[in-house]
Amino acid sequence: MISESTSFVKGVLLGGIFCVLVTFLGHIKTGYWTKVHHHEHHHIQAPNQEDVSNLSEVERVELSQSIRVYCIILVKPKDLGHWAAVKETWSKHCDKAEFYSSENVKVFDSITLNTDDMWAMMRKAYKLAYDHYKDEYNWFFLARPTTFAIIENLKYFLLKKDSSQPFYIGHTVKSGDLEYVDGEGGIVLSIESLRRLSKVFEDPDKCPEQGGMIWKLSEDKQLAVCLKYTGAFAENAEDSEGKDVFNTKSVGSLIKEAMSNHPQQVVEGCCSDMAITFNGLAPNHMHVMMYGVYRLRAYGHDFNDALVFLPPADSDND
């Protein structure tokens, strides 16, 4: 459920502190302040409180029901611990979530892709998702097994975005002349961008499966190259204050950075209240995050959200 106050960040902050204690802060990398303004790509922002409050009740209900997210999680047998954690935690909040595995793994249900090349896995997963679900879902979220996602915040972010337009969203970075969405933080494609991508997959000159120079790039960069031919460009997703909402680091790492770089502004410097993803979490940390995001409440605080995004009725969600 989407909070219009700081309830989310309080829960995540507590969960993140637990993660920090578990890891003793020793192995966490230091990085940068999450409020970034120097990128050259487009910045698209989540709705602010006024955007939602001005909607009629009928509009709110229609919008909350119209945003349908299909989640793609790319996994390999070595990811079994993370695979289990994702299956037991945040993926239950997707309208539908499926695991796409490099090979058949008996202990978990998955769609077997029969390749361990990440770019080939991504291509096949996107193609299968489009072929099977193009008429059922309008947003397609791809994540790695080390990623934790708050799907309700993703839906809130997408609230007033048009899925019939070629949106390609996440944490955007620049590498030379190429701007791409970093796969570490998760990648969101609108149904229109996925339709165009599915079509360009058929053109080996624009989007080769392998060979030439493109095979030297990581899968998220290769995706950006192919999407450029479709007119879909990387868009950096931010909250209404300009803070990133797709994070390529863990909560613990971001808290440690904020404590070191901005000790007087740990909450403000750590993460957006509307954060959608964090990456680099151990399986046990995902369960801590579930507690902080969905279970922990401060007694005496009452928050009335203008919108409610409910997981599927048959979902065993928190």
Side-chain angles (χ1 to χ4, degrees), residues 2-13 16 29-55 67 139 141 147-162 165-175 178-190 220 224 232-280 293 303 305-307 309:
I2 305 303
S3 171
E4 295 171 3
S5 65
T6 58
S7 60
F8 165 75
V9 78
K10 288 178 180 177
V12 170
L13 190 58
K29 298 178 182 179
T30 58
Y32 51 85
W33 178 248
T34 57
K35 190 172 184 179
V36 180
H37 294 287
H38 63 274
H39 296 308
E40 297 178 8
H41 48 257
H42 294 146
H43 297 253
I44 56 175
Q45 295 189 335
N48 56 37
Q49 191 170 354
E50 290 71 26
D51 291 331
V52 178
S53 62
N54 290 332
L55 296 173
I67 302 172
W139 297 98
F141 171 61
T147 301
F148 185 94
I150 301 93
I151 298 300
E152 292 82 0
N153 282 10
L154 172 58
K155 288 187 174 184
Y156 181 79
F157 182 87
L158 297 172
L159 189 62
K160 303 186 78 173
K161 308 297 186 296
D162 186 355
Q165 298 300 313
F167 278 102
Y168 165 47
I169 306 169
H171 175 80
T172 307
V173 293
K174 190 175 177 66
S175 175
L178 180 67
E179 292 176 316
Y180 67 99
V181 170
D182 192 333
E184 296 284 343
I187 301 171
V188 177
L189 298 181
S190 66
D220 43 15
F233 297 91
E235 307 279 3
N236 195 66
E238 303 168 350
D239 66 13
S240 58
E241 297 180 353
K243 292 181 181 178
D244 289 337
V245 292
F246 287 84
N247 295 290
T248 59
K249 300 180 182 180
S250 69
V251 180
S253 179
L254 295 171
I255 291 174
K256 181 173 183 285
E257 292 175 8
M259 292 173 65
S260 175
N261 301 328
H262 308 278
Q264 304 304 317
Q265 294 180 306
V266 175
V267 173
E268 294 85 350
C270 161
C271 332
S272 167
D273 287 1
M274 294 302 305
I276 294 170
T277 64
F278 297 95
N279 186 57
V293 173
F303 303 103
D305 297 327
L307 283 165
F309 297 105

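Scope of the values below: all heavy atoms of this structure, side chains included, with no hydrogens, waters or symmetry mates.
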Q: Mark yes or no for whether S250, through its side chain, and S253, through its backbone, hold a donor-acceptor pair below 3.5 Å.
A: yes
Can you tell me how far the [atom1] atom of [X] sits from the [atom2] atom of [Y], to the nearest 0.5 Å?
X    : Y    : atom1 : atom2 : value
Q264 : M259 : CD    : CE    : 11.5 Å
K256 : K249 : NZ    : NZ    : 10.0 Å
M274 : E152 : CE    : CD    : 10.0 Å
Y156 : D239 : OH    : CG    : 10.0 Å
E179 : E235 : CD    : CD    : 9.5 Å

Looking at every non-hydrogen atom in both residues, tell me the closest pair between [X] and [Y] and how far apart they are.
X    : Y    : answer
K155 : I67  : O-CD1, 3.3 Å
E184 : T147 : O-OG1, 3.4 Å
L178 : A224 : CD1-CB, 4.0 Å
P166 : A232 : O-CB, 3.7 Å

Q: Applying side-chain contact (heavy atoms from CB on, under 4.5 Å) between F246 and each of L154, N236, I187, N279, report the one that passes.
A: L154
Check whether any side-chain heavy atom of [X] sits under 4.5 Å from a side-chain heavy atom of [Y], and report yes or no.
X    : Y    : result
F278 : I150 : yes
V188 : F167 : no
T172 : V181 : yes
L158 : I169 : yes

**Q.** Stepwise side-chain contact (heavy atoms from CB on, under 4.5 Å) check, V245 with N153
**A.** CA-CA 9 Å; V245 292; N153 282 10; over 6 Å; no
Q) For D220, which residues count as a side-chain hydrogen bond (donor to acceptor under 3.5 Å, both in side chains) partner, sequence neighbours excluded? A) S218
Q: Would you please name every residue forming a side-chain contact (heavy atoms from CB on, under 4.5 Å) with A149, sequence neighbours left out?
A: W90, F141, I151, T277
Q.
Assess the residue pair W139 and L189 against the criterion (side-chain contact (heavy atoms from CB on, under 4.5 Å)); give the C-alpha distance rounded to whole Å, side-chain angles, the decisive distance to 0.1 Å, and a yes or no.
A. CA-CA 6 Å; W139 297 98; L189 298 181; over 6 Å; no
